[in-house]
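Structure record follows, encoded as structure tokens.
Order of listing sets the numbers, starting from 1, for every ligand and every atom in it.
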Amino acid sequence: MSHACKLAAGNWKMNGLRADLEEARALAKAYPKPDCGVLLCPPATLISAMAEALSGSAVMVGGQDCHASAAGAHTGDISARMLADSGARQVILGHSERRADHGETSTLVAAKAMAAHEAGLVSIICVGETESERDAGQTLEVVLGQLAESLPAGATAANTVVAYEPVWAIGTGRTPTLDQIAQVHDALRAQLPDKAISLLYGGSVKPGNAAEIFAIGNVDGALVGGASLKAADFGAIIAALEAA
Ligand code: PGA
């Protein structure tokens with residue numbers, strides 16, 4: 001492990017109704033004083049209810065996206081200030097599903113991150129190669145290029161986390177080899193403007209593979225999708241991170 005802060009971040013994506021707040025409560029109860037940061041990013045509709053349900057606990061709440069502007073005529077969008085006002089402390093930006101479904105470019109991600117920082121939120125900036133880019137031997141070129149363009153000016157460990165998420169590993173049950181993860185994380189670390197920025201791995205992290213991934217030198221935690229929906233699964237991943 002590096003000297004950066006450890007973080008287990010859960011991304012609920014477009015999943016979760018009010019009844020599912022029970023999972024968040026169960027997680028907070030099971031980990032009253034975790035040895036690492038713990039974050040849940042529910043859909044925007046649940047942020048304020050989850051923040052209320054988790055108030056006084058060690059589990060933080062975050063958003064999954066924000067607009068680059070602070071306010072204005074942008075129907076359906078949510079600003080970073082609104083997320084902060086709802087109780088969010090962090091926001092995931094540039095997730096590959098946003099890049100693919102909404103055509104988000106790295107330049108836009110940097111603008112969103114700037115807005116997030118101005119609102120006092122920590123941005124979790126995602127980068128990752130597609131399977132065809134990996135097969136073509138372009139992985140490092142792609143992720144380092146995305147990092148260079150997605151990090152806003154003034155990114156430090158106090159306001160930024162970076163997540164490496166190979167697109168082909170998300171929701172597929174497939175993961176890179178430990179050597180492949182290490183290679184990308186080493187390259188990302190070398191390019192970070194502040195070496196204390198936490199580097200998360202994401203893509204099919206489960207209770208069964210978390211410990212070996214967290215044993216990699218430049219992996220400071222995980223961004224977890226499917227396995228963050230249930231307190232039992234996410235709790236096992238948190239326990240693995242605490243032990244790393
Ligand atoms: P997964 O998703 O854990 O379901 O693969 C990870 C992510 O997209 O953040």
### Structural part of N11 in contact with ligand 1, heavy atom criterion under 4.0 angstrom
side chain
### Task
Could you check atom 4 (O) of ligand 1 against the protein and tell me its nearest heavy-atom contact, residue, atom and distance included?
G226 N, 2.9 Å
### Message
So, applying salt bridge (charged side-chain N to carboxylate O under 4.0 Å, His left out) with E23, which one of K29, K230, R18 is it?
### Response
K230
### Task
Show which atoms of ligand 1 fall inside a sub-4.0 Å distance from at least one heavy-atom site of I170.
2 (O), 5 (O), 8 (O)
### Task
Consider ligand 1: state whether an atom of it lies below 4.0 angstrom from any non-hydrogen atom of G202.
no
#### Entry: Side-chain (Q64) to main-chain (K13) donor-acceptor, under 3.5 angstrom
yes
### Message
Give me the residue, atom name and distance of the protein heavy atom closest to atom 3 (O) of ligand 1.
### Response
G225 N, 2.8 Å
### Task
May I ask whether H95 places a heavy atom under 4.0 Å from ligand 1?
yes
#### Entry: Heavy-atom gap S204 to ligand 1 smaller than 4.0 Å
yes
### Message
Within a 6.0 Å radius of atom CZ on R81, are there more than 12 heavy atoms belonging to other residues, nucleotides or ligands?
### Response
no
### Query
Which residue owns the protein heavy atom closest to atom 7 (C) of ligand 1, what's the atom, and how far is it?
E165 OE2, 3.1 Å
### Message
When you compare the side chain of R189 with that of D186, does any pair of heavy atoms fall below 4.5 Å?
### Response
no
### Query
Do other residues, nucleotides or ligands put more than 12 heavy atoms under 6.0 Å from the CD atom of E52?
no
### Query
For atom 2 (O) of ligand 1, what is the nearest protein heavy atom, given as residue, atom name and distance?
K13 NZ, 3.3 Å
### Task
Kindly say whether L199 contributes a backbone atom to a donor-acceptor pair with the side chain of D220 at under 3.5 angstrom?
yes
### Task
Give a yes or no on whether a salt bridge exists between E22 and R25, defined as a side-chain N under 4.0 angstrom from a carboxylate O.
yes
